[in-house]
Amino acid sequence: NKKQTDQFKSGFITIVGRPNVGKSTFLNQVLGQKIAIMSDKAQTTRNKIQGVYTTDDAQYIFVDTPGIHKPKHKLGTFMTKIALNTLNQVDLVLFMVNAEQKIGPGDRFIIEHLKNVKQPVLLVINKIDMIPKEQLLEIMAAYHKEFDFAEIVPISALTGENVSTLLGTIHSYLEEGPKYYPDDQVTDHPERFIISELIREKVLVKTREEIPHSVAVIIDDISKEEGKDIIDVQASIIVERPSQKGIVIGKNGSMLKDIGTLARKDIQDLLGSKVFLELWVKVVKDWRNKQTHLNNLGYVE
Ligand code: GDP
Ligand code: K
Ligand code: MG
């Protein structure tokens, strides 16, 4: 019996890097399911999100983290700390960079922290769909000069190119271990959290400038009406200023309606059921700098 003689492998793998390099896109690509929200805005990911990928002989527990950046407020401090804290709490570190960008101070700041990491660090060069193939060697050489990475793997998280190679490489670093999560579990986060994130993602996608960073979402209620096949979700979108409330609601409520339509679609995919979504917009002044609000919103270390 193959199953009994072969050892099962498992491990925790953190994905760190600057904002917008494609960490969340990679995780969703591996899982074939959207558990981490993505957008072209920096600081889309605020919490640590675990995605579980289970095969016949291994379980990979990926930890998606907020992009590491120079914090400008308490929430930013929390986000960067969360990402850096994962470095020594896992079995393997993936440092993800964007093939389109030159190494900058942001990368060097992270590399400084990698120097204290005892676990193997793999460099993942993402977005190779955006560059001519002949540039790859040069990029790899530039990073190789900065740090002694255990492996360097180029991928495209968006198209999936070379992602299976990366999984194979990671597999070779995993050690014998238990199956921490059942086969069908893809994340450690409750549905409630993912639903609030899907709504927040739509606000990020639809708005610009200061709004994305000023928004938080709270799920007020999820219920199922008896005898009906519809799940009723009530949620509040929190902003910092009355003017932002106006923007999120939009002319004659048009913006809020668009956000609701897009979010409802994703929530239906997640729950596999029809969804009725009701959204409210509320102002909580300067919530990003108030610890009690951060705690209430789930930004807890
Ligand atoms: P994160 O901040 O590192 O989690 O980055 P996201 O996963 O939110 O992605 C940031 C942006 O980069 C999004 O607009 C993605 O669609 C885009 N992106 C991510 N991976 C790739 C890739 O491999 N190729 C291209 N062209 N775009 C990508
Ligand atoms: K992002
Ligand atoms: Mg992210």
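Since the model is a prediction, treat every value here as computed from it, not as a measurement. FYI, side chains are in, hydrogens and waters are out, and symmetry mates aren't considered; it's all heavy atoms of this structure.
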Should L31 and T187 count as side-chain neighbours, where that means a heavy-atom distance under 4.5 Å?
-> no
Could you tell me the separation between the CG atom of L279 and the CD1 atom of I237, rounded to the nearest 0.5 Å?
-> 4.5 Å
Step by step, would you call T80 with H69 a side chain to side chain contact (heavy atoms under 4.5 Å, CB included)?
-> CA-CA 6 Å; T80 291; H69 64 281; 3.7 Å; yes
Atom CG in L262, atom NZ in K257: separation rounded to 0.5 Å?
-> 12.0 Å
Shared hydrophobic cluster, L174 / V30 (ILVMFWY, side-chain heavy atoms < 4.5 Å) | yes
What residue among Y180, F62, Y181 forms ring-ring contact (aromatic ring centres under 6.0 Å, His included) with F12?
-> Y180
State, to 0.1 Å, how close I218 and L297 come at their nearest heavy-atom pair, and which atoms those are.
-> CG1-CD2, 3.4 Å
Flag the pair I194 / I49 as yes when at least one side-chain heavy-atom distance between them is below 4.5 Å, and no otherwise.
-> no
Is a side-chain donor or acceptor of W287 paired with a backbone partner of S214 at a separation under 3.5 angstrom?
-> yes
Is the closest side-chain heavy-atom distance between E225 and I230 below 4.5 Å?
-> no
V21 to N98 - nearest heavy-atom pair and separation | CG1-N, 3.9 Å
State, to 0.1 Å, how close D221 and S223 come at their nearest heavy-atom pair, and which atoms those are.
-> OD2-OG, 3.5 Å
Output yes when a side-chain donor or acceptor of Q119 lies under 3.5 Å from a complementary backbone atom of V90, and no otherwise.
-> yes
Return the minimal non-hydrogen interatomic distance between L294 and R288, and the atom names on each side.
-> CD1-O, 3.9 Å
ILVMFWY cluster, I15 and Y173 together (side-chain gap under 4.5 Å) = yes
Minimum heavy-atom separation for T45 to N47, with atom names?
-> CG2-O, 3.4 Å
The reported gap from CG in D64 to CG in L27 (rounded to nearest 0.5 angstrom) is 5.5 Å
Is it true that a side-chain atom of H189 and a backbone atom of K48 form a donor plus acceptor pair closer than 3.5 Å?
-> yes
Do V121 and L123 have side-chain heavy atoms sitting under 4.5 Å apart?
-> no
Ignoring hydrogens and angles, tell me if any N or O in the side chain of T207 forms a donor-acceptor pair with the backbone of V203 under 3.5 Å.
-> yes
Residue pair I13 / D91, side-chain heavy-atom distance below 4.5 Å | no
Closest non-hydrogen atoms of T169 and S172, given as atom of the first, atom of the second and distance, are O-OG, 2.6 Å
Give a yes or no on whether the backbone of P66 and the side-chain of Q43 come within a donor-acceptor separation of less than 3.5 Å.
-> no
Would K290 and K285 count as a side chain to side chain contact (heavy atoms under 4.5 Å, CB included) if you check the C-alpha gap in whole Å, the side-chain angles of each, and the deciding distance to 0.1 Å?
-> CA-CA 9 Å; K290 291 178 182 154; K285 223 179 131 230; 4.2 Å; yes
R108 side chain to E146 main-chain N or O, any donor-acceptor pair under 3.5 Å?
-> no
Is there a side-chain contact between V52 and Q59, using heavy atoms and a 4.5 Å cut-off?
-> yes
Evaluation steps, side chain to side chain donor-acceptor pair (under 3.5 Å), between T55 and D57 | CA-CA 6 Å; T55 65; D57 66 351; 3.1 Å; yes
Check the surroundings of atom CG in D148: do more than 12 heavy atoms from other residues, nucleotides or ligands lie under 6.0 Å from it?
-> no
Report the relative orientation of the aromatic rings in Y53 and Y60; use parallel for angles under 30°, tilted for 30 to 60°, perpendicular for over 60°.
-> tilted
Say whether, by atom type as modelled, one donor and one acceptor occur between the side chain of S236 and the main chain of I238 under 3.5 angstrom.
-> no
Linked, directly or transitively: V153 and I139 (ILVMFWY side chains, under 4.5 Å) = no
Is the backbone N or O of H73 less than 3.5 Å from a side-chain atom of N289, with the two atoms forming a donor-acceptor pair by type?
-> no
Answer whether the closest heavy-atom distance between the side chains of I219 and I199 falls below 4.5 Å.
-> yes
Counting distance only, does the side-chain N/O of K23 pair as donor-acceptor with the main-chain N or O of T65 below 3.5 Å?
-> no
When rounded to the nearest 0.5 Å, the distance separating CD of E278 from CG of L256 is 10.5 Å
Measure the CZ-CD1 distance between R46 and I82 for me, rounded to the nearest 0.5 Å.
-> 12.5 Å
Linked, directly or transitively: M130 and L136 (ILVMFWY side chains, under 4.5 Å) | no
Connected via hydrophobic side-chain network under 4.5 Å: Y143 and F147 | yes
Here the gap from D107 atom CG to E112 atom CD, rounded to the nearest 0.5 Å, amounts to 12.0 Å
Salt bridge check: are D266 and K202 linked by an N-O gap of less than 4.0 Å?
-> yes
Applying side chain to side chain contact (heavy atoms under 4.5 Å, CB included), run through N162 and L166 and close with a yes or a no.
-> CA-CA 6 Å; N162 225 30; L166 175 56; over 6 Å; no
Within the side chain of N126, is there an N or O that forms a donor-acceptor pair under 3.5 Å with the backbone of M96?
-> no
Mind checking whether E201 and T44 have side chains closer than 4.5 Å, heavy atoms only?
-> no
